[in-house]
There are 2 protein chains.
Amino acid sequence: MPNAARRSERSRQAILESALALLHESGYADLTIEAIAARAGVGKQTIYRWWSGRGAVVLDALVEQAGASEPPPLPDTGDLEADLRPVIRAIVAELADPRLSATTRALTVEALTSETFAEQVRDRLLRPQLGTIVARLRSAREAGDLRADADLDQAVELLIGPMYHRWMLRTGPLTEAYADGLLDLALAALGAGQVAPGGGTARSIR
Amino acid sequence: MPNAARRSERSRQAILESALALLHESGYADLTIEAIAARAGVGKQTIYRWWSGRGAVVLDALVEQAGASEPPPLPDTGDLEADLRPVIRAIVAELADPRLSATTRALTVEALTSETFAEQVRDRLLRPQLGTIVARLRSAREAGDLRADADLDQAVELLIGPMYHRWMLRTGPLTEAYADGLLDLALAALGAGQVAPGGGTARSIR
DNA sequence: ATGTCAAGACGAGACGTAGCGTCTCGTTAT
DNA sequence: ATAACGAGACGCTACGTCTCGTCTTGACAT
């Protein structure tokens, strides 16, 4: 049980920076603890003392990077689809770029390997990142643009689940047009843009 | 380049069976080429001669297993949601069970690691398995239960993407209720959007 | 405030282990 | 005959633990 008060801040930062640099340069397969230690000018033990493995290092690095700049809330122009479109496009564009999505690839592999790691990714990275979308959806729901009983977490999942699936299994192109189409579909599911003449939303099929 | 005509069928089957058995017993992390070879009573070279790695072995094993019994087409009662519900429930149930989803976990990790492997999984396993759903959706589209311009591949992705995402990152429970709710949402997105004058069931989001 | 000092984190790297992928061996099957 | 086969040796890489001196830090004494 190491003493956190005596921890070397210099080493900590060097390790996190080296991990991200190596990940972008060589990919997750070549990201080893020994390579991180060598690049950071640090003993292996210093890494093992504070982290459980390479996945934990990468996660910490990304959390720190994200936490440095608090993400601004999405604009609320009253047009939900227009407000979300650039965000969805940006996520799709990031996934389409192998270099940019290297970190996501790494975290996903690790999440599939360890249950507790998946929970860490979810709580420390995914939830904060998607928080701005959830907030915008909430305001839309209050404005009556979404069904009153819409589950916001499930709504976000409906939006990003398909694109992650397409990214992982390469079931189709990750283009701007795809992003727009997916957003359109997801909002249709959530009852957005429905002008109900008589009162209730018109969304019944059978 | 080995001569496929002289290949040992006995060894081939022993390898595929051992791989699946070990995967279910110990998980993907402990699934090594050496363990497969030992269990199958086979030399390591016999595996490397015919497969590129453990991922390829698992994929072949699953393709063979799936190909043994051609999946029957889904029933077409005219009620799309009722016809799809048991399928979606079954997929969710499989993901909820760590033992049953061990193979999916393995394939996903491998797909994230290799582009060509992802394409193999998509073409040889995923597409055939989801084919029955696509067929049922096609018939629904022709019957006017779906938007005439609905993209069927994207429709399937909208259905299974969110549950894979939930499974990987543990963003929520994988229950029957979740399966039903997701199906409801996805069909709302794809629906013709017409008001059922008499007795259409209201779609709840959850 | 400033000096002293033990505790412990540090960089470096040796160590044993596991599994990789390649390479021989005889042996066996075609 | 020939080539795949079972078996396993081989060198390699990275793992995670450990043992060195060295350096830093916080606590205490002056």
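Residue numbers start from 1 in every chain, and the chains themselves are labelled A, B, ... in the order their sequence lines are given, proteins ahead of strands. Computation of the quantities below employed the complete heavy-atom set of this structure, encompassing side-chain atoms and omitting hydrogens, waters and symmetry-equivalent molecules. Everything quoted here is computed from the prediction, not taken from an experiment.
A close approach under 4.0 Å does occur between a side-chain nitrogen or oxygen of A:S11 and OP1 or OP2 of C:dG11.
The pair B:R147-B:D149 counts as a salt bridge, with a side-chain nitrogen and a carboxylate oxygen less than 4.0 angstrom apart. Ion pair B:E34/B:R39 not flagged as a salt bridge, since none of the NZ, NE, NH1 or NH2 atoms sits closer than 4.0 Å to an Asp/Glu carboxylate oxygen. The pair A:R138-A:E142 does not count as a salt bridge, with every side-chain nitrogen at least 4.0 angstrom from each carboxylate oxygen.
In terms of position on DNA chain D, the residue among B:P2 and B:E34 whose nearest nucleotide sits closer to the 5' end is B:P2. Toward the 5' end of DNA chain C, the nearer of the two residues A:E9 and B:R6, judged by each one's closest nucleotide, is A:E9.
Figure legend: cation-pi geometry between B:R122 and A:W167 absent, as NZ or CZ is not positioned both under 6.0 Å from the six-membered ring centre and within 45° of its axis. By the 6.0 Å and 45° rule, A:R12 does not stack over the aromatic ring of A:W50.
Of the possible donor and acceptor atoms, one in the side chain of B:T32 sits under 3.5 Å from a partner among the backbone N and O of B:A35. Checking side-chain atoms of A:R54 against main-chain N and O of A:L31 turns up a donor-acceptor pair under 3.5 Å. Formation of a donor-acceptor pair under 3.5 Å by the A:S101 side chain with backbone atoms of A:D97 is found in this model. No donor-acceptor distance shorter than 3.5 angstrom exists from the side chain of A:S139 to the backbone of A:A135, with no hydrogens or angles considered.
Atom CG in A:L22 sits roughly 15 Å away from atom C1' in D:dA14 (whole-Å rounding). Atom CG in B:L31 sits roughly 17 Å away from atom P in C:dA18 (whole-Å rounding). If you measure from atom CG of A:N3 to atom C1' of C:dA6, you get 14 Å, rounded to the nearest angstrom. C:dG21 atom C1' lies 14 Å from atom CD1 of B:I36, rounded to whole Å. Atom-to-atom, CG of A:D30 to P of D:dC15 comes out at 11 Å; the value is rounded to the nearest Å.
For the contact set between residues 38-59 of chain A and DNA chain C, defined by any heavy atom under 4.0 Å, the members are A:G41, A:V42, A:G43, A:K44, A:T46, A:R49, A:W50. Contacts with DNA chain D (heavy atom under 4.0 Å) in residues 106-114 of chain B: none are found.
Within the nucleic acid shown, B:A5 has no heavy atom closer than 4.0 Å to any nucleic acid atom.
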